[in-house]
Visitor: 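Once you've had a glance at the structure underneath, I'll fire off some questions.
Numbered from 1 within each chain, the chains take letters A, B, ... in sequence-line order.
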2 protein chains.
Amino acid sequence: MAEKTTIYDVAEHAGISIATVSRFLNSPDKVASKTRKKIEEAMSKLSFVPLAEAVARARSGIRRIGVLTPFFTAPSFVQRLRGIHEALADTHYDLITYAVDTYEQLKSYLSVLPVTGRIDGLIIMSLPFTENDVERFRQYHLPVVSLEFGRPAYSSIEIDNILGGRMAAQYLIQKGYAKLAFIGEGGQPAYSLHATEQRLEGFKSGIIQQGAQLLEDHILFHEYGMKYAVECAKKLLKPSERPRAVFCASDSQAIGVLKAAKMLKLRVPEDVAVLGFDDIDTADYMDLSTIRQSLDHSGHLAAIKLLEHMSNPLAPSAKVHLSLQIVERHTT
Amino acid sequence: MAEKTTIYDVAEHAGISIATVSRFLNSPDKVASKTRKKIEEAMSKLSFVPLAEAVARARSGIRRIGVLTPFFTAPSFVQRLRGIHEALADTHYDLITYAVDTYEQLKSYLSVLPVTGRIDGLIIMSLPFTENDVERFRQYHLPVVSLEFGRPAYSSIEIDNILGGRMAAQYLIQKGYAKLAFIGEGGQPAYSLHATEQRLEGFKSGIIQQGAQLLEDHILFHEYGMKYAVECAKKLLKPSERPRAVFCASDSQAIGVLKAAKMLKLRVPEDVAVLGFDDIDTADYMDLSTIRQSLDHSGHLAAIKLLEHMSNPLAPSAKVHLSLQIVERHTT
DNA sequence: AGGTTTTATGAAAGCACTTACATTGAGAAA
DNA sequence: TTTCTCAATGTAAGTGCTTTCATAAAACCT
């Protein structure tokens, strides 16, 4: 059996110390290019492959962070992912994305990930988990930070959806719109996360407070997807009893409304005003007024917090509440 | 770092030495049953899992695929990623994304990833690499499939950008537009990938063939980003010598042109027609005519091909050329 | 040139375990 | 009782790699 080549062999062959070889493996930019060349040469000559087990042992960790995310299709998830990536860019952590499609999958990941040792830390994005899961995370010492959903006494980055709804109401009413409507996503119960409902709740309460109108007929839910959004919006905008302004629980939906309005030859905001939620990249392109929850930033924060938990298991868990911000563009 | 319990903890808890614990793990019959009991007790109480075992399990059951992608901000990357994820969904592969920001980073990943054994297969997305890199991949037996960029005799999923450009020209001319313009992304040389240039080349050749007009002033490049796109489009659309139709090397840019047109109160397509490239999700929302390269599908294909290479190292490498398709909506 | 900061490197101390070797104390044989 | 085994356990030296710290060399600054 061929004797394993180790970094010692490589080091000897290249006439340098093992430390430098190791450094080359982990952060090549810290090694002079001249040395780098020598190492590369030696490694390829000896066809060296580091022993994963030894690496893991020496690092006492696998250096991987997992992200549990709804099967990414919604832009908002991508933006958060971007924030996470950014925060991890100059650490030595690899990012593994676990895209969740069904409730079963979610359950399975939640129970398996802590045990298998595939990751050193986990970010749960916009997905619900139970106190049981938390218990398991604790037992296996898996640090977890969640986004857009939280558990008591467990770190998370959240926004105040109720407040967001209220802000929307206040803003629209103040702009002079009295007959309001709401469009949200129904669909998958597992993912709903109350976020939509909370936004609606806040919206309602704001409306009551300020004395405007939100007819039952003007509260609509539809499945995730542009088609549905457009369809739904058409239904909303057609009748004579048309709302003056529509608040959507997400930008994607707002874009659907925009499209429907165009098809019905309605001017925005002259005939209907549209307000979204999220401020995804596209919102800017489309001049959509919306409520910004700093998506990139929230991902970033989650990653930072997770790193803290990982480097210091005693770090107190904390909930971060991101502030929301009305972004006025040309649809309101 | 997940504070793993070690055999030291177990040993301490059981009041014996680590060697005995280790022995218990490896050959339990060498340990007195009384001691054995104590160890078992301590282990279960501390929910101890030997690191090496965890590593081994993590490595044997689950393999890893890396994706090298431009720091993802462009929707087209995300869609391809989605396709990859989808293809991997019911396999036992974890997906690790490496977001590349600079040329140095790219170089570093390309040279280090094959060596470190962190991944079992690699997908390179829209990023250039050299024959040298290919050599290295071979040497370290790392299966690689690339997207939107290829190497001779190496598996990749590509599209014919020149043809795409030609299609654009043909289509626009046939629609009756004679004065044409082109907008592409300049910016980072590392990422450009010729794609833009090739599309322009094809566009030009198509125009020559059919005898239409493409003034030098009507060929513009700008940096990546919506701001730049809009700015650039404004410049293009302002003067009296305005083009009748604009072909953009990407949908994002086309959206920028749409926005600029709106700001300048130009009707689309009555005053200017706009044709994009990619057919990203948003294109549909915006009713943008475009040339579709099935992004999701290409990611999917790449993943499938990679899996094939991984399970059978002798599988012949192959280039897949995806076909392009004009999607006519309402901007042309 | 002189001093200071930066960068590249090596020495050596871990990491979580394994294992060869040493030690201990019982029981068996003398 | 003394000696000899031998099973049960501990000690400590590896394992291949990472990482901290110190140092030497190079790059910057007046």
Visitor: Extract all donor-acceptor atom pairs below 3.5 Å that involve side chains of residues 8-18 of chain A and protein atoms in other chains or at least two apart in sequence.
Guide:
unit_1  : atom_1 : unit_2  : atom_2 : d
A/Asp9  : OD2    : A/Thr6  : N      : 2.8
A/Ser17 : OG     : A/Ala19 : N      : 3.3

Visitor: More than 12 non-hydrogen atoms from neighbouring residues, nucleotides or ligands closer than 6.0 Å to OH on B/Tyr228, yes or no?
Guide: no
Visitor: If I take atom CG in residue B/Asp29 and atom C1' in nucleotide D/dA8, what distance separates them, rounded to the nearest angstrom?
Guide: 12 Å
Visitor: Indicate the atoms forming the closest heavy-atom contact of A/Arg118 with B/Ala58, along with that distance.
Guide: CG-CB, 3.9 Å
Visitor: To the nearest 10°, let me know how far the axis at one end of the helix from C/dG3-D/dC28 to C/dA30-D/dT1 is tilted from the axis at the other, five pairs an end.
Guide: 40°
Visitor: What is the separation between atom CD on A/Glu53 and atom C1' on C/dT18, rounded to the nearest whole Å?
Guide: 11 Å
Visitor: Check whether any side-chain heavy atom of A/Phe137 lies under 4.5 Å from a side-chain heavy atom of A/Leu113, and answer yes or no.
Guide: no
Visitor: For A/Ser60 and C/dC15, is the shortest distance between a side-chain N/O and OP1 or OP2 below 4.0 Å?
Guide: no
Visitor: Measure CD1/B/Ile16 against P/C/dT24 and give the value in whole Å, please.
Guide: 19 Å
Visitor: Take atom NZ of B/Lys37 and atom P of D/dA8, then tell me their distance rounded to the nearest Å.
Guide: 15 Å
Visitor: Within this structure, what is the CD1-CZ distance for the pair A/Ile62 and B/Arg59, rounded to the nearest 0.5 Å?
Guide: 9.0 Å
Visitor: Whole Å only: how far is the NZ atom of B/Lys38 from the C1' atom of D/dA8?
Guide: 12 Å
Visitor: If you count every heavy atom of other residues, nucleotides or ligands that lies below 6.0 Å from B/Glu41 atom CD, does the total exceed 12?
Guide: no
Visitor: Using whole Å, report how far NZ of A/Lys30 lies from C1' of C/dG10.
Guide: 16 Å
Visitor: Between B/Arg80 and B/Ser126, does a side-chain hydrogen bond (donor to acceptor under 3.5 Å, both in side chains) hold up when you go through it step by step?
Guide: CA-CA 10 Å; B/Arg80 276 192 274 247; B/Ser126 311; 3.3 Å; yes
Visitor: Should A/Tyr98 and A/Ile119 count as side-chain neighbours, where that means a heavy-atom distance under 4.5 Å?
Guide: yes
Visitor: Please determine if a side-chain N or O atom of A/Thr35 lies less than 4.0 Å away from the OP1 or OP2 oxygen of C/dA8.
Guide: no
Visitor: Restricting both atoms to N or O, compile the protein contacts to nucleotides 15-24 of chain D shorter than 3.5 Å, with distance only.
Guide:
unit_1 : atom_1 : unit_2  : atom_2 : d
D/dT15 : O2     : A/Arg57 : NH1    : 3.0
D/dG16 : N2     : A/Arg57 : NH1    : 3.4
D/dC17 : OP1    : A/Leu51 : N      : 3.0
D/dC17 : OP2    : A/Ile7  : N      : 2.7
D/dC17 : N4     : A/Tyr8  : OH     : 3.1
D/dT18 : OP1    : A/Asn26 : OD1    : 3.4
D/dT18 : OP1    : A/Asn26 : ND2    : 3.2
D/dT18 : OP2    : A/Ser22 : OG     : 2.5
D/dT18 : O5'    : A/Ser22 : OG     : 3.4
D/dT19 : OP1    : A/Arg63 : NH1    : 3.4
D/dT19 : OP1    : A/Arg63 : NH2    : 2.3

